[in-house]
Peer 1: 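Submitted below is the structure of interest, expressed as structure tokens.
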Amino acid sequence: MGSFSVLCILSLISIVSCSNITSAQDSPADYLKPHNTARLAIEGFNIPNLVWDNKISAFAQNYDNQRKDCKVIPSGGNGGYYGENLAISNSYINGAKNNITSAQDSPADYLKPHNAARSAIEVIPSGGNGGHYGENLAISNGYISGAEAVKLWVDEQPHFDHYNNKCIDGECLHYTQVIWNDSLRVGCGKVKCDNGGTFITCNYYPPGNIPGQDPF
């Protein structure tokens, strides 16, 4: 396997700017479908589907509830036991379209999340949290759904050079956590920030982005 030039169990952040849209809840399927679609899209490798884990989801939600300030602070992945994706926004966006009332997001919402309400996307990787969980953060000044958070990470795919096992011309480590072969379980949480934003967390176990290992 190639040498993966990252710190062990990274905490990563995506920053997004969004327009104002009404709030909605995300279901486990809303998070799972875009993750597993990205994993299935890798030809020639039998990457297993992620499955939902209520314990991991409870951990993610517990941390989200502490981040109503929408501050860019990694959770530390419970000492690194889970991988983690976070998404933060100050106004709601649904995975499918603008201007919708409160509702559950469907798997289709996560397959085709819209980008019209977003601008100034920036990815800020942080150092490894030195524990059992990997971690990604996505931050927005407007609401983002679980599907859009996952799409931010999956959209880094063109920057991943699998042959050399490194990122090229941009960030890719959110993507590699999403498709990491040995990550088998995922749980996510979401909270509305005091400033109107939304904070989304997905944790993974086992964690990805392990130094010296290929994602698949």
Peer 1: Using a 4.5 Å cut-off on heavy atoms from C-beta on, say whether the side chain of Asn181 contacts that of Phe45.
Peer 2: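 Phe45 does not reach Asn181 side chain to side chain.
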
Peer 1: Taking all non-hydrogen atoms of both residues into account, name the closest pair between Glu156 and Glu171 and its distance.
Peer 2: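 Closest heavy-atom pair between Glu156 and Glu171: CB-O, 3.3 Å.
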
Peer 1: Is there a side-chain contact between Cys70 and Asp194, using heavy atoms and a 4.5 Å cut-off?
Peer 2: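 Counting from C-beta outward, Cys70 and Asp194 never come under 4.5 Å.
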
Peer 1: Less than 4.5 Å apart, any side-chain heavy atom of Ile168 and any of Pro158?
Peer 2: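 Result no, sub-4.5 Å side-chain heavy-atom pair not found.
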
Peer 1: Calculate, to the nearest 0.5 Å, the distance between atoms OH and CD belonging to Tyr175 and Gln157 respectively.
Peer 2: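 Between atom OH of Tyr175 and atom CD of Gln157 there are 4.5 Å.
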
Peer 1: Could you state the interatomic distance from CD1 (Ile144) to NZ (Lys151), rounded to the nearest 0.5 Å?
Peer 2: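 It comes to 12.0 Å.
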
Peer 1: Could you give the distance from OG1 (Thr37) to CD1 (Ile179), rounded to the nearest 0.5 Å?
Peer 2: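 If I round to the nearest 0.5 Å, the distance is 14.0 Å.
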
Peer 1: How long is the span from the CG atom in Leu32 to the CG atom in Asp26, to the nearest 0.5 Å?
Peer 2: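 Interatomic distance, Leu32 CG to Asp26 CG, rounded to 0.5 Å: 11.5 Å.
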
Peer 1: How far apart are the closest heavy atoms of Pro206 and Ser183, and which atoms are they?
Peer 2: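 Taking Pro206 first and Ser183 second, the nearest heavy atoms are O-OG, 2.6 Å.
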
Peer 1: Quick one: pull up OH in Tyr31 and CG in Leu50 and give me the separation to the nearest 0.5 Å.
Peer 2: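 One gets 14.5 Å once the value is rounded to the nearest 0.5 Å.
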
Peer 1: Could you walk me through whether Ile73 and Tyr63 satisfy the side chain to side chain contact (heavy atoms under 4.5 Å, CB included) test, starting with their C-alpha distance in whole Å, then the side-chain angles of each, then the deciding distance to 0.1 Å, before giving a yes or no?
Peer 2: CA-CA 10 Å; Ile73 302 174; Tyr63 181 69; 3.7 Å; yes

Peer 1: With rounding to the nearest 0.5 angstrom, report the CZ to CG distance, Arg39 to Asn49.
Peer 2: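 Here the interatomic distance stands at 7.5 Å.
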
Peer 1: Determine yes or no for a side-chain-to-main-chain donor-acceptor pair under 3.5 angstrom, with His35 supplying the side chain and Val178 the backbone.
Peer 2: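 No, because the side chain of His35 does not come within donor-acceptor range (under 3.5 Å) of the backbone of Val178.
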
Peer 1: Give the ring-plane orientation class for His174 versus Trp153, where under 30° counts as parallel, over 60° as perpendicular and anything between as tilted.
Peer 2: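 Parallel: the ring planes of His174 and Trp153 meet at under 30°.
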
Peer 1: Are Trp52 and Cys188 side-chain neighbours, meaning at least one heavy-atom pair lies under 4.5 Å?
Peer 2: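 In short, these two side chains touch, coming nearer than 4.5 Å.
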
Peer 1: Output yes when a side-chain donor or acceptor of Thr176 lies under 3.5 Å from a complementary backbone atom of Leu173, and no otherwise.
Peer 2: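 Confirmed, Thr176 side chain pairs with Leu173 backbone.
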
Peer 1: Please give me the minimum heavy-atom distance between Gln177 and Pro207, naming the atom from each residue.
Peer 2: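 The pair with the smallest heavy-atom distance is OE1-C, 4.0 Å.
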
Peer 1: Quickly, which of Asn203, Asn54, Asp53 forms a side chain to side chain contact (heavy atoms under 4.5 Å, CB included) with Arg185? Name it, please.
Peer 2: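 It is Asp53, the one option of Asn203, Asn54, Asp53 that forms the side chain to side chain contact (heavy atoms under 4.5 Å, CB included) with Arg185.
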
Peer 1: Report yes if the side chains of Phe216 and Asp182 come closer than 4.5 Å at any heavy-atom pair, otherwise no.
Peer 2: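 SC-SC contact between Phe216 and Asp182 ruled out.
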
Peer 1: Restricting to non-hydrogen atoms, name the atom on Ala29 and the atom on Pro34 that form the minimum distance, rounded to 0.1 Å.
Peer 2: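 That would be O-CD, 4.4 Å.
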
Peer 1: With a 3.5 Å distance limit and no angle check, can you tell me whether Asn62 reaches the backbone of Phe59 through a side-chain donor-acceptor pair?
Peer 2: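 Between the backbone of Phe59 and the side chain of Asn62 there is no qualifying donor-acceptor contact (under 3.5 Å).
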
